[in-house]
2 protein chains.
Amino acid sequence: MPRVTEKYRKARRDEIALAAIRCLERKGVHDTSIADIVEESGLSTGAIYSHFSSKVELARYIVAEYLFPRLDQLERSAGMITPRDVLTTMLAVFTDTGLPPRIVLQFWGEATIGGELREEMLRTVARLRSALGAALMPWAELQTSDAAAAEALVADAIRAVVPLAQGYVANTALFGPRDPREYVDSVVAALT
Amino acid sequence: MPRVTEKYRKARRDEIALAAIRCLERKGVHDTSIADIVEESGLSTGAIYSHFSSKVELARYIVAEYLFPRLDQLERSAGMITPRDVLTTMLAVFTDTGLPPRIVLQFWGEATIGGELREEMLRTVARLRSALGAALMPWAELQTSDAAAAEALVADAIRAVVPLAQGYVANTALFGPRDPREYVDSVVAALT
DNA sequence: ACCTGAACACCGTTCAAGT
DNA sequence: ACCTGAACACCGTTCAAGT
């Protein structure tokens, strides 16, 4: 397969995906139809189906390619960082990139039904967890000299950080934007 | 209007709503059609539309009548309770009543689009916030003798407790059930 | 190989006609 | 007044036919 074709396919897929995202922001997951994406992209129904086998496949592509593209931001953060820092850094992705929490929340809703979208979501979360683990290890090793205990500490922290991030997403999606640092501080203040 | 008719209408609405909930648990919000509810309830399409003006109206009814019926549990809890206690009590509603977090999460997703479902959601959350406020006031008054400062303390606590509860819902909806107390403890441990 | 757009099965909703 | 179920506009998806 020549390289030009590959590039062309990727460009077309992105063209469709970006048109779809514009529709999603305007109308939401539920109310965006293939006909809307056809109109927004200027392509035909068949053209879209020759690049994505279904609406769910298009959704998977958007999730994988646009909704969680900044996990490397976590992986690059060096030095000793606490669970609090990790959480704040993670949430900053939303304010920094303009990634709409509304769309993420809607995808979660759809993912609870099962199917391929759920599989894609679980894969993404697995990647996220391992990035979190790597970022937290230096901190855990400072708490204890036992390697197994450090692993357990990291696992516990992840069990807290993931739902805390989910709470931020659900909350801002429904009630409007909020500063990540203020959110974390408010949670700490309330629980201690 | 005679009372018997009123009662009959309520009974029919509940009959339809419960059939719908059985479908929702089986297939999710997205994949449950009116035809499914027709089959599950044994009624006709027109019968459903003579009790609910649309699918969204049915959804609103389910949310208002079945998804948040236990707010009074909070309002009844007496004595000095901390934000931590309030959060744990609130989350216990899910484990105690078998209310499926998956359905709640899906409704949140739909509510981000706007429309009547969003209005209904905001009304329910407003009720929830005032119940939380009432439950937390004795605790706040123990922290400070200034009435305004106590109010502010309550407001801050609510700003933390609501997203923490949302995080629990999103997390259990996607990754399976979890003990509320364990969740709260894990968050406290990670952030302090 | 990519693209077109009519055709298909199914969706939510309406409404004339029944009781 | 409640209910029936055929009819309607629209949905996601397919596929013969074009380039």
*asked:* More than 12 heavy atoms of other residues, nucleotides or ligands under 6.0 Å from CD of A:Glu39: yes or no?
replied: no
_In whole Å, I'd like the distance from the CZ atom of B:Arg13 to the C1' atom of D:dA1._
15 Å
*Go ahead and name the base partner of C:dA9; Watson-Crick or wobble counts if both distances stay under 3.5 Å, otherwise write none.*
none
_Pairing donors with acceptors under 3.5 angstrom, does anything connect the side chains of A:Asp85 and A:Thr82?_
yes
*Roughly how many Å is it from NE2 in B:His51 to C1' in D:dT4, rounded to a whole number?*
13 Å
*Mind calculating the distance between CZ (B:Phe52) and C1' (D:dC2) to the nearest angstrom?*
15 Å
*Taking the inter-plane angle between the rings of A:Phe94 and A:Tyr168 on a 0 to 90° scale, is it parallel (under 30°), tilted (30 to 60°) or perpendicular (over 60°)?*
tilted
*Is the closest side-chain heavy-atom distance between B:Val169 and B:Trp108 below 4.5 Å?*
yes
What side-chain donor-acceptor pairs closer than 3.5 Å can you find for residues 185-192 of chain A, not counting sequence neighbours?
{"unit_1": "A:Asp185", "atom_1": "OD1", "unit_2": "A:Arg84", "atom_2": "NH2", "d": "2.8"}
{"unit_1": "A:Ser186", "atom_1": "OG", "unit_2": "A:Arg178", "atom_2": "NH2", "d": "3.4"}
{"unit_1": "A:Thr192", "atom_1": "OG1", "unit_2": "A:Val188", "atom_2": "O", "d": "2.7"}

_Strictly by Watson-Crick or wobble contacts shorter than 3.5 Å, is anything paired with C:dA17, and which nucleotide is it?_
none
*Does any non-hydrogen side-chain atom of B:Leu24 lie less than 4.5 Å from one of B:Gln106?*
no
*Mark up nucleotides 5-19 of chain D, 5' to 3', with B wherever a protein heavy atom is under 4.0 angstrom from a base atom, S wherever such an atom reaches only the sugar-phosphate, and - elsewhere.*
B-----SSBB-----
*Would you please confirm or rule out a distance under 4.0 Å between OP1 or OP2 of D:dA1 and any side-chain N or O of B:Arg9?*
no
